[in-house]
Amino acid sequence: MSTTGSKRPAQVSAARRRTVIDALRRGAVPESGLDLLATGLDRFEAALDAELDAVASGGSVFKAVRGEYGSGKTFFTRWLGERAKRRNFAVAEIQISENETPLHKLETVYRRLTERLTTSSFPPSALRPVVDAWFYALEEDALAAGATEDELPGEVEKLLVARLAEVSRHAPSFATALRGYRAALAEGDEATAAAVLAWLGGQPHVAASARRSAGVRGDLDHFGALGFLQGLLTVLRDSGHTGLFVVLDEVETLQRVRSDARDKALNALRQLIDEVHSGRFPGLYLVITGTPAFYDGQQGVQRLAPLAQRLATDFTTDPRFDNPRAVQIRLPGFTQESLVGLGVTIRDLYADAATSPERVRTVVDDAYVADLARAVGGALGGKVGVAPRLFLKKLVGDVLDRVDQFDDFDPRRHYKLTVASSELTDVERNLAATVTGGSASADDIDLEL
């Protein structure tokens, strides 16, 4: 991902700058403010914006993002999520994992979606504000149609039935739970209302008394989750949102689960793609991320031929000519030049709020940023593609913070890069083990089984 030619806004609020810098200091991808760092993504913008507009008009899109570790997949999806949020989409980012969120259990994926649901106005979980806004919209529509105060409950019920007619064909309990939630609120029973809403969000172990009160039973299952997702999209649309942007991150973890669970997860992914393309989920933009090994290897997508056919994309040409409209898009990763460019962007962003901006830019000049980038890449076996996270963490926390706080600190004289094993991810640790004559152990080598 090239990072030359920054388009960073001239004026950046202190809060946005602090959010970005604090995340980088921790070695994390910022949750917001990614437009301040997103340079070199111009070639994707037109196609992706067109897809977001199509979804906002009632369409649905599935996208697969492909890239090695360190290529910026999480950054890319959060950047795209911010663009969606500016179009009034609701957004949810879900980490796929064998224990916490197995992909073959769509009821768990749906639950994580509602837990992580966010809008431009509300942080996670925004489920309750969205549902409350939906009921308010129904009341406004009923009043606009001439309903009196006495007629309002009945007219809202008619609108609820009409709006959720298609959803009720697949998941009638979704509408039933919404009625139960509204009834509990009308009676002032906040505990029951909260419990019913939790059940609507896919939470298990909801009190039986609350479920009986709402007229629902049991817990959400794999197939019911698709109906509930359809219902959530309807509620979002009617409450004023243009769509729902969902990211299933780190799908490549499927390669490490038991073969039976892996096969079920791959089939669930195929099912999701087919449902999106069938038009069942108007207003949904669904993104998955994975490594090339996941898309091309026999322990990933290629294990299920129908799924491989749906995701097949030609990457034999020069990356410059990749088609951003294709179902699968490739992030080529960082080069030494683009890593330095990103470091310079971060340095300038930091300097704008520093005690002495000119001193920061002078002491941590472009040449020093380049030296640090080379040193971090060298510490990781020369693999620049996996260096961005650690490089930015060192740049902000070890260098820029010290230059800003200590007038006599000179990183060329007073700082020597150190990389402790405890601050590395597994991938970084494996690469660092091969530096300076060391070698990776047998346990550090990933085998295709």
Side-chain angles (χ1 to χ4, degrees), residues 1-30 32-40 70 72 75 333-425 428 431-432 435-436:
M1 185 165 57
S2 173
T3 56
T4 57
S6 174
K7 292 184 178 180
R8 185 164 60 86
Q11 297 295 327
V12 181
S13 72
R16 296 185 72 211
R17 182 186 295 107
R18 184 169 57 251
T19 296
V20 171
I21 296 298
D22 285 350
L24 297 179
R25 185 182 287 117
R26 299 191 309 271
V29 175
S32 61
L34 297 179
D35 57 310
L36 304 179
L37 313 180
T39 54
F75 177 93
F334 280 86
T335 63
Q336 180 68 23
E337 178 185 7
S338 62
L339 189 62
V340 172
L342 178 58
V344 169
T345 298
I346 297 301
R347 185 225 30 223
D348 290 342
L349 180 67
Y350 188 104
D352 288 343
T355 305
S356 178
E358 286 308 312
R359 180 175 181 277
V360 170
R361 291 188 176 92
T362 300
V363 175
V364 189
D365 57 14
D366 293 3
Y368 179 79
V369 172
D371 289 343
L372 182 62
R374 277 191 294 272
V376 173
L380 298 178
K383 301 293 186 181
V384 176
V386 302
R389 186 197 73 85
L390 185 61
F391 165 64
L392 296 176
K393 183 174 185 290
K394 296 293 184 181
L395 177 63
V396 173
D398 289 357
V399 177
L400 291 173
D401 278 346
R402 286 170 170 156
V403 170
D404 187 38
Q405 296 177 85
F406 305 106
D407 293 340
D408 56 346
F409 178 78
D410 182 347
R412 288 182 172 86
R413 293 190 297 119
H414 303 130
Y415 175 70
K416 180 180 179 181
L417 176 67
T418 58
V419 178
S421 176
S422 60
E423 64 181 322
L424 300 179
T425 64
E428 293 166 345
L431 293 171
V435 180
T436 64

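Residue numbers start at 1 and run along the sequence shown.
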From [X] [atom1] over to [Y] [atom2], what is the distance, rounded to the nearest 0.5 angstrom?
X    : Y    : atom1 : atom2 : result
K393 : L395 : NZ    : CG    : 12.0 Å
I21  : L400 : CD1   : CG    : 7.5 Å
D365 : D371 : CG    : CG    : 8.5 Å

| request: Check the pair I346 / L392 against side chain to side chain contact (heavy atoms under 4.5 Å, CB included), numbers first and verdict last. | output: CA-CA 8 Å; I346 297 301; L392 296 176; 3.8 Å; yes
Closest non-hydrogen atom pair, [X] against [Y]:
X    : Y    : value
T355 : D404 : N-OD1, 2.9 Å
A23  : P30  : CB-CA, 3.6 Å
P357 : A351 : CB-O, 3.2 Å
D408 : R413 : O-NH2, 4.3 Å
A370 : V340 : CA-CG2, 3.7 Å
V29  : F75  : CG1-CA, 3.9 Å

Quick one: does any side-chain atom of [X] pair with a main-chain N or O of [Y] as donor and acceptor, under 3.5 Å?
X    : Y    : result
R402 : P411 : no
R17  : G33  : no
R347 : V369 : no
T362 : E358 : yes
K394 : T418 : yes

| task | Show your reasoning for whether side chain to side chain contact (heavy atoms under 4.5 Å, CB included) applies to Y350 and V399. | result | CA-CA 11 Å; Y350 188 104; V399 177; over 6 Å; no
| Is it true that D352 and R361 have a side-chain N and a carboxylate O under 4.0 angstrom from each other? |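 Yes, D352 and R361 are salt-bridged.
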| said: Please determine whether side chain to side chain contact (heavy atoms under 4.5 Å, CB included) holds for the pair V344 and D348, giving the CA-CA distance in whole Å, both sets of side-chain angles, and the decisive distance to 0.1 Å. | reply: CA-CA 6 Å; V344 169; D348 290 342; 3.8 Å; yes
| field | Close side-chain approach of F391 and L342, heavy atoms under 4.5 Å | value | no
| query | Do D35 and R16 come within less than 4.5 Å of each other through their side chains, counting heavy atoms only? | reply |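 Touching, per the 4.5 Å side-chain cut-off.
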